[in-house]
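The model shown is predicted, which means the values in this text are computed figures rather than measured ones. Every chain is numbered from 1 and lettered A, B, ... according to where its sequence line falls, protein lines coming before strand lines.
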Protein chains: 2
Amino acid sequence: MPKKGSGAKNKKRSMATIYDVAAHAKVSKTTVSRVVNGEASVSIETRARVHRAIKALHYIPNKAARSLASQAEVRIGLLYNNPSVAYFSELLIGALEGSGRNGAQLVVDKCDVGNPVIARKAALDLVKTGLNGMLLTAPLSGSAELIRELTEEGVSIVGLATGRFRSDISCVGIDDYLAAYEMTGYLIGLGHRRIGFVKGHPNHTSSQQRFLGFKAALRDAGAGIAPSVVVQGFNSYRSGLDAADALFESRGKVTAVFASNDEMASAVLSVAHRKGMVVPQDLSIVGFDDTVASSTWPMLTTVRQPISEIAAKAIETIVKNCRLMRAGTRVKPQNFLISHSLVLRESAAAPPPG
Amino acid sequence: MPKKGSGAKNKKRSMATIYDVAAHAKVSKTTVSRVVNGEASVSIETRARVHRAIKALHYIPNKAARSLASQAEVRIGLLYNNPSVAYFSELLIGALEGSGRNGAQLVVDKCDVGNPVIARKAALDLVKTGLNGMLLTAPLSGSAELIRELTEEGVSIVGLATGRFRSDISCVGIDDYLAAYEMTGYLIGLGHRRIGFVKGHPNHTSSQQRFLGFKAALRDAGAGIAPSVVVQGFNSYRSGLDAADALFESRGKVTAVFASNDEMASAVLSVAHRKGMVVPQDLSIVGFDDTVASSTWPMLTTVRQPISEIAAKAIETIVKNCRLMRAGTRVKPQNFLISHSLVLRESAAAPPPG
DNA sequence: CGCTTTACTGGTAGCGCTCCCACTTTTATG
DNA sequence: CATAAAAGTGGGAGCGCTACCAGTAAAGCG
């Protein structure tokens, strides 16, 4: 029979505070605070004692009090548009995780990110709400004007997956150029000589980088590579459908298609099926992002972009920059490169012998 | 040339506080607080004056201070598993929006929700983190034991889309039974007499309700309806592929397939294409949830479940309950029904004349 | 051995807000 | 007209924490 209510600790109702810990460890709350915040100047024994008390009391610092006292509440805005639900979902998870870890607060808002006027207004409105930082996704991250305005307002901004790094703001993302280069190389290695390419949304800098990487790989492969068939897409499934139609109607028969994102790749897949092609025997299809990859049949070979990780890193950077700015330090843009990887699944294989 | 820096207000650096507003409106901060919190006992004129001051100063209450002072910080946990990215993404957006509006803090964590042991441990660990509330999605929301444990810990819980309402916890969701009934009725109305059904994950109570609704509609349609072909799915795309294979291999030819979620419906669609069937001419396919619906070709006819809205409502309920509990009030479970709708797109039509 | 330096530690003052308890008016009631 | 009850308002005490400024003791230095 478990004894109830007799234990030393009370269950809920008011968690332990820093005072309780201080009393338990027989130090001042200041010292506890120092230990919790990992400051150096605390002796080993004291530190250990405090840690023990924290554990014993199940102490968890009160975030509200912390951000109030340190004047360090960081609110980070994020505008979205449902570019690709899967993409956004991963982004959100990463951002949320990063916010939790860094004690920031995420404020998300929906708007038509594609329309510069609307997006700009939405961003500025969001900022008026009392934002300290802002996570800029494409195509917002490409607008120099918006960036300037936001910076003037004193908002820390970080661009997400901007394709190429830049000097005006901090960015975190993968090397789209290199990734596309590698994927194209893989296709060429498989034996493909005529490859179709579905370009991503023209507003996104990363799209350009992906295309550039593709072209570079083709060029570097030298002779024997037929001129590629390139069609424009706009990152949506819908646009992928149209792109695929255009691609298959073109005179030059391709044996592989490289779509700038998974959404479009899965659209191409769907159209190929409809036309009676068997993937990957008749046609190889690869995507980019690894967002819908395993929800297709066959499963998509693609470039994995660790979106959550990127988002988390971006949040961390924003928080750090905010704190620096508050301390009066001038922050200079910093770029972080996250590594990507090729995920080889079932949708790509050697071209048909014919 | 716009005059800069000459305006009355300073840009960033320390937002206006309640004191500033009080001074501006010539009232006490207490009164401002009352206005901001919409309390009754403030005269109309005072209220108006305060509102004017708030607007003039661009005052935004400091959340940290608020939750600290009111002891009202509400932290809400959410366990996820990537059941369906699209579903989760919508859920997250709604939850985030609800949290923002209600001043709560969302803590999301990933775990294998499908495994009862792991999920239970993860939930309890999360709670130890200092949670006040928890959003329970299927299949967690079906575990009476977990619910009891959580309740004992003093955590406010709300079940999401539990299919059927219950008396032990508050729930918010749509009427899965009715929705499935209606969708089935639509198919029958189109002329289908032999309909295949892909069941959802057996752990999810909503799956059962959907199946029950399907059967009821068949029964109510009376004679002339061939016995249905029912196969088991597990909500994933992958399982939908298997289910579709099983369905098409069965002796009784169906003219329509009703899948318990969109993910599986799109898998069925894919298999149908592969088998050379034209949708919806040869076969009608409908789904449930409206999560991937427009990323398929043809676009899926489905039941729209407003997941964001449901999640937001759930968060609101949790926050409300937390505050009530803190005030010492005993809260009794409350169920909220959100309305669904049939979204008729392109994947369902009358059966072939044959 | 006296002095400064360095390592630790504690006390106190808020951060911006809400809550409780007054206090001053009005308005209703006997 | 006195008295009670509202109705509206203000003051102060914290919420739990960090920042800052002192302390105290040990160590370094000439």
Side-chain angles (χ1 to χ4, degrees), chain A residues 13-50 53-54 57-75 102-103 105 130 132 319 322-323 326-328, chain B residues 13-50 53-54 57-75 102-103 105 130 132 319 322-323 326-328:
Chain A
R13 264 340 42 101
S14 71
M15 315 262 314
T17 74
I18 200 169
Y19 280 96
D20 302 324
V21 177
H24 190 103
K26 298 194 202 315
V27 293
S28 75
K29 64 179 167 33
T30 309
T31 302
V32 176
S33 171
R34 277 194 270 258
V35 172
V36 170
N37 293 295
E39 282 173 45
S41 63
V42 178
S43 69
I44 309 284
E45 310 99 68
T46 311
R47 184 182 301 277
R49 202 140 37 85
V50 171
I54 288 177
L57 266 39
H58 294 300
Y59 170 69
I60 296 156
N62 179 315
K63 284 196 180 196
R66 222 209 274 239
S67 53
L68 176 59
S70 61
Q71 291 285 275
E73 186 174 43
V74 178
R75 301 187 68 208
N102 295 286
Q105 196 194 336
N132 312 102
V319 173
C322 277
R323 302 219 203 282
R326 266 201 270 253
Chain B
R13 260 347 34 104
S14 73
M15 316 264 313
T17 74
I18 200 168
Y19 280 97
D20 302 324
V21 177
H24 190 103
K26 300 194 200 312
V27 294
S28 73
K29 62 181 167 38
T30 310
T31 302
V32 176
S33 172
R34 278 193 269 256
V35 171
V36 170
N37 294 295
E39 283 174 44
S41 63
V42 178
S43 69
I44 309 284
E45 311 98 68
T46 310
R47 183 180 302 274
R49 202 138 40 83
V50 171
I54 288 176
L57 267 38
H58 294 299
Y59 169 68
I60 295 155
N62 179 316
K63 285 198 179 194
R66 223 210 274 241
S67 51
L68 176 58
S70 61
Q71 293 283 278
E73 187 174 43
V74 179
R75 301 186 68 209
N102 294 286
Q105 195 194 337
N132 312 101
V319 172
C322 278
R323 301 219 203 282
R326 265 201 272 253

State, to 0.1 Å, how close B/Ala64 and A/Leu68 come at their nearest heavy-atom pair, and which atoms those are.
-> CB-N, 4.0 Å

Starting at CD of B/Glu39 and ending at P of D/dA7, how long is that distance when rounded to a whole Å?
-> 14 Å

Pick base, sugar-phosphate or nothing for B/Val36, based on heavy-atom distances below 4.0 Å to the nucleic acid.
-> nothing

Separation between CZ of B/Arg34 and OG1 of B/Thr46, rounded to the nearest 0.5 Å | 10.5 Å

State, with a plain yes or no, whether a side-chain heavy atom of B/Tyr59 is found less than 4.5 Å away from one of B/Ile18.
-> yes

Under a 4.0 Å heavy-atom cut-off, which of residues 19-34 of chain B touch DNA chain D?
-> B/Val27, B/Ser28, B/Lys29, B/Thr30, B/Thr31, B/Arg34

Closest approach of A/Leu57 to A/Ala16 (non-hydrogen atoms, all atoms of both residues) = O-CB, 3.7 Å

Round to the nearest Å and state the distance from B/Asn37 atom CG to C/dC19 atom P.
-> 7 Å

Is there a residue in residues 62-70 of chain B whose heavy atoms reach under 4.0 Å of DNA chain D, and which residues are they?
-> B/Leu68, B/Ala69

Base, sugar-phosphate, or nothing for A/Ser41, non-hydrogen atoms under 4.0 angstrom?
-> base

Side chain B/Arg47, main chain B/Ser41, donor-acceptor under 3.5 Å = no

How about B/Ser28 and B/Thr31: does a side-chain donor come under 3.5 Å of a side-chain acceptor?
-> yes

List the steps and the verdict of side-chain contact (heavy atoms from CB on, under 4.5 Å) for A/Val36 and A/Arg66.
-> CA-CA 11 Å; A/Val36 170; A/Arg66 222 209 274 239; 4.1 Å; yes

Once you build an axis from the first five pairs and another from the last five of the helix from C/dC1-D/dG30 to C/dG30-D/dC1, how far apart in angle are they, to 10 degrees?
-> 40°

Run the side-chain contact (heavy atoms from CB on, under 4.5 Å) check on B/Thr17 and B/Asn62 step by step: do they pass?
-> CA-CA 8 Å; B/Thr17 74; B/Asn62 179 316; over 6 Å; no

Is the shortest side-chain N/O distance from B/Ser43 to OP1 or OP2 of D/dT9 below 4.0 Å?
-> yes

Looking only at heavy atoms, which two atoms of B/Arg49 and B/Lys26 are closest? And how far apart?
-> NH1-O, 3.9 Å

